[in-house]
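Residue numbers start from 1 in every chain, and the chains themselves are labelled A, B, ... in the order their sequence lines are given, proteins ahead of strands. All heavy atoms count here, side chains included; hydrogens, waters and symmetry mates do not.
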Amino acid sequence: MMSAIFANLPALQVILPLLFAPICFLLRKRGAAWLLAFCVSLCTFAVSIALFMQVSAAGPLSYAMGGWDPPWGIEYRVDSFNAPFLVLLSLMFCVTLAFSYKSVEKEIVQPRHALFYSAFMLCVAGLLGIVITGDAFNVFVFLEISSLSSYILISFGKDRRALTAAFQYLIMGTIGATFLLIGIGFIYMMTGTLNMADLAVRLPSVMDTHTVRAAFAFIIVGMSIKVALFPLHVWLPNAYGYAPSAASVFLAATSTKVSLYVLIRFTFTVFGAGFAFGAMPLQPILLVLAVTAVFVGSLSAIFQTNIKHVLAYSSVAQIGYMVIGFALASHAGLSAGILHMFNHAVMKGCLFLVAGCVFYRFRSARIEDFRGLGKTMPWTMGAFVVGGLGLIGMPLTAGFVSKWYLIMAALDHGFVGFLIIAAVLAGSLLAVAYVWRIVEVAYFQAPDEVHENGKEAPFILLVPAWFMALLTLYIGIDPSLVVGAAESAALSLLGSTP
Amino acid sequence: MTDLSLLTLPFMPFFIAALAVMFIASSSVRSALMLAVPIASGFLLLQEQSGVALTMPFMGYELVPFRTDKLSFLFGYLFCIASFIAILFSLHVKDRVQHTAGLFYAGSAVGAVFAGDLLSLFFFWEVMTVSSVFLIWARQTDGAFRCGMRYLIIQVASGLLLLAGALMILHSTGSLAFNEIGLESQAGYVILLAFGIKAAFPLLHNWVIDSYPQSTVTGAVFLCCFTTKVAVYALARGYAGADILIYIGAVMVIFPIFYAVIENDLRRVLSYSMISKVGFMVCGIGIGTELAINGAVATAFNHVIYKSLLFMSMGSVLHMTGRIRASDLGGLYKSMPLTTILCVIGAASISAVPLFGGFVSKGMILTAALDQKLDFVWLCLLFASAGTFYYAGIKICYFTFFGQDSGLRAADPPKHMLLAMGLAAAMCVFIGLYPALLFGLLPFEVDYIVYDTTHVLAQLQLLAFVGLGFVWLKISKLGPPDLRSVNLDVDWIYRKFLPESIRCALGLLIADYGRLKRFFCDLFHQYIMGGLIRHHGPHGILARAWPIGSMVLWVAVLLFFYLIFYYF
Amino acid sequence: MKPERPYFLDNKGNVRFLIYIFHALCFVLFAADFVLHRHSYHPLEEIPAFYALFGFLAFSVIILGAAMLRKLVMRPEDYYEAPEEISND
Amino acid sequence: MTLVFGLFNYWVAMVLMMIGFYILIASGNLIKKIIGLNIFQTSVFILYISMGKIKGGAVPILTEGTEIYTNPLPHVLILTAIVVGVATTALALALVVRIKEAYGSIEEDDIHEKDGSL
């Protein structure tokens, strides 16, 4: 029994949430649905940890789905690049569920609760599937599963703008996914295989054709939409801003990262760094877009009046950092980018959880709702300050570690590196402006009547928020675990290029 | 103490107490705890020996969060004393956020001067920045908020430059140790700029003028003690003997004098005076001889004491009367006799009247400048000494406490404030009388005789004749009146010049002064002033939701762009 | 409100007396330069009563300079933004 | 000539794709946008399906005497993609219904005017 479980861990990772999602829906009762989802999330987390341990002990793991050997069947492949992502996803799954019991109760009307949890589980299943699969077409299928369910999650938002945001996201997401489909079709046309490892072997012989180049362009643009890379980021702020708090937390922490994962996976594993950065001018394009993203995102964040929008625009900027790391294409750069994907997930998760706590109390998360929160909700604001310091990149927080590695990576790139460093530093300055603006409101502005009587968020909401805040601090103080994971991930990506 | 652990480091009591203060509701317990902090920290310092270092692995590097030598010790003790005084002065404040911020701020200043590597230094540097801004915001006015934001941005910029410089050094040498940095590499200039912002180098000085007068009464006392002194420490450690500092220092001592003379807000006068005094120290560090460094460090020591005394007395005036403009004050000696006396002691000390603290240290730098045949610098410093006496010694005291009676009759401030001021005043006098105690703390052997005929006579003559000038000026009633005004400074560049000039440049370019010019002027006026908000504000082009159609268009454009690039 | 007792400096005579004392002090210091020996490290210092002259000169320069500077940089208080009343904390 | 007629299946796919894109960009009606999206997706389906066809290849069912079969894999893949497409359309239509309820309109401009979103 145990051995059967262990042999099928990769399949379990995806199938658990996928299978229980409809059951969750059938349960109908809010408490039961939540409990089931939470149990599944714990199991998923345990599975991901087990996979992570296996991979770090014994190297990459290949699992033939349904007994069909790759490259014909669908292969699930866990290596040191995606194993930490599985852990991140399932961790966020647990944390968000712990948070959602109270938060969903407040934000979503009663008969839809079970629906929310099942859509949520489907979304997680999709994201886990994207990360774990070694089959190009399978990526598309899981991408659509996760996207469709996240459109649903967003449309649960109380504000009517949630609907338009979901619709907008739906159109953009579908275009992105379809572009990915076109790209995959083109490379299938040239090679006759869909298995990523097999593609990596066969693609080099047909590299010079227009078809492969077009395929690459389609995949990059398609995934840039899902990553929300400037200028294709416009769907993101409203989608995160109007979604129910629990959904914003999870999507902000994971969804764009997984898309970026796909981008990196295709660039390095399938096409190879030599093609992507040698034959194609990917680096300058991405660097320009990413640096612009840092500025546009941060500047826009400064002027927002809704905290969720501030955080969402800050995500746009932070995605810029990740893409910078990715575009540097060196070992140092890639590990910095991957590192920031984790760190940002933790920090942004923390901040959105705080926004959720405030939302829970005041039914909105505008900046004026933060007036006087330093006194009335000290623990909530404490977590916000920690997360905010992380975004700014203060030492002893996770953000600093990312910034450190990013700058170190950029230093190898001469003049361009200096420009990047300047952009990164300017970005932190702008982060100071948008984060500390809120802190000032919270600690020094007198609350009006509505907010005067605010009290601390319920304990059960504070626990996840502080868990993430402490994780931010932990990574900042002892980054060896995350840094090690990111570096071995980068190594496996660069090592696997032909 | 041989076993060094993080918990016994001198900044720890500050940080622990800072967190604790937030949760202590009883104000007497809180006061007792806060007052105990600097004492505990000083006690920990007394236990340490010179030359020890604590190392700690972090991200694969050996960090040295604590390392001692004479230079560090001097600043360590100084900051303990200063924070004790500042805490004592601020006991009446109810706002716990301010106390927490103050303790974090003081603690990180103590930490910074013992940091043995650039990363630890950067850490304390950033904590100082982030905590000190609360002392400005605590004023809770709109102006204080905007000013705090400007302050924060400038300070964080300094921190980021430090980080960038540290990483450049790490990249080229593989070591993060914070010792002599020098100006051989680009990294040296980047870090000098970082230190220079904190030390308020000319053109980078504006944050001092902008923020100190905006902070709370008690916040200003904290602020005046730490930030610039940490920068002086860092300069002394990293750039001792760098020639460029001599000239920077020379400019720095001169230009604030004129501003201080015409300034009306007395706390702003003190801020200008602070820049001038830091200029003395920078100059001393630039000269770089043992005597000069000693002089710079001793000046820093005295400066913290007397400048905090002056900020406290001006703070008391502001606290009791609610006014701080010279034109609104006068004749307060009648109802605030103790404050008057204490302020006069502070003024005497800053003006370097013999038998007061300031006199001990000022002569060292002047002598060092002469020793090095830096005649021009010597004249500058001498000129600044004369100026200091006028704007800090005479102007502050005269306009507040004497001068034309304003009719204000405010009483002396509460006891703890007087006590804090009394303590600082006592130290001024004490150092003036027993300079040996201070000399024992200085980093180098001192062979400098403070009280000989030459120094005393020269200084007395200088002071007396500046005073004479003032008296004649007052008798003849020619003196410049104190007017309510805003005096332009460097911030004019970013608060006025840039927006305006861009607006007008286009207007001039267009030959037709008719409709076209007005059109473009208006266009650019809106564009520059409102531009950011329009583009990034909630409904700005770059921040509002675009219609789906234009988003899709962008997708198409980007795809086209990629395809073009990839095909050719 | 009962009238205040006159303070020390309210009496013009007292002020005049202080000014006399001060002038006397200045003269003594000026004269002392000719009596006492002052080391000089710099040729300028050998000028008799150099520091006294320098002090007076410096003061004049500062006042004149400040007057000129004031013409250059002084602006109304609402130049950047409307001033707020400085309030008690 | 081969460029035009030999690859006509690709041209068809491309033209359809551009039509779909154009509708997405130019049409303000949300339902029409969904139709545009559908056309856009369909173009990709056609691309895939025609890619699997081999000249002279038979239907991929094992029969006596047939040597060349059309590649069935793309067809299978596209079956999945069609399912996804249907799900997307269904969800999009459901959203449009809710938008109509909330805003009383399904014209992009009207909705944009109401609260600046979309």
Closest approach of [X] and [Y], non-hydrogen atoms and distance?
X	Y	value
B/Ile262	C/Ala66	CG2-O, 3.4 Å
C/Ala32	B/Leu457	CB-CD1, 3.9 Å
C/Leu29	B/Ala464	CD1-CB, 3.5 Å

Assert top hit (heavy-atom pairs under 4.5 Å, partner chain C, pool B/Asp95, B/Leu382, B/Ile257) equals B/Leu382
Assert top hit (heavy-atom pairs under 4.5 Å, partner chain C, pool B/Val471, B/Thr453, B/Leu468, B/Thr367) equals B/Leu468
* **Centroid-centroid under 6.0 Å between C/Phe59 and B/Trp472 rings** => no
Applying a strict 4.5 Å limit to non-hydrogen atoms, the region of C/Val61 in contact with chain B is both
Whatever's closer than 4.5 Å to a heavy atom in chain B on C/Phe22 counts as side chain
Counting only non-hydrogen atoms closer than 4.5 Å, does [X] touch chain C with its backbone (N, CA, C, O), its side chain (CB onward), both, or neither?
X	result
B/Val466	both
B/Leu370	side chain
B/Tyr391	neither
B/Leu460	both

inquiry  = Tell me whether the count of non-hydrogen atoms from other residues, nucleotides or ligands lying under 6.0 Å of CZ in C/Phe17 goes above 12.
reply    = no
Any B/Gln461 side-chain heavy atom under 4.5 Å of C/Leu53 side chain
no
- Message: Classify the ring geometry of C/Phe54 against B/Phe383: parallel below 30°, tilted from 30° to 60°, perpendicular beyond 60°.
- Response: perpendicular
How many angstroms lie between atom [atom1] of [X] and atom [atom2] of [Y], to the nearest 0.5 angstrom?
X	Y	atom1	atom2	value
B/Glu263	C/Leu69	CD	CG	10.5 Å
C/Tyr51	B/Thr454	OH	OG1	8.5 Å
C/Ile62	B/Ile254	CD1	CD1	8.0 Å
B/Ile475	C/Arg16	CD1	CZ	10.0 Å

Ordered numerically, the heavy-atom neighbours of chain C under 4.5 Å found in residues 373-381 of chain B are B/Asp375, B/Trp378, B/Leu379
Take B/Phe470 and C/Ile63, measure what side-chain contact (heavy atoms from CB on, under 4.5 Å) needs, and give me the verdict at the end. CA-CA 9 Å; B/Phe470 178 72; C/Ile63 291 299; over 6 Å; no
Residues at least two apart in sequence or cross-chain that pass ring pair (Phe, Tyr, Trp, His ring centres under 6.0 Å) with C/Phe34, listed by chain then number, are C/Phe30
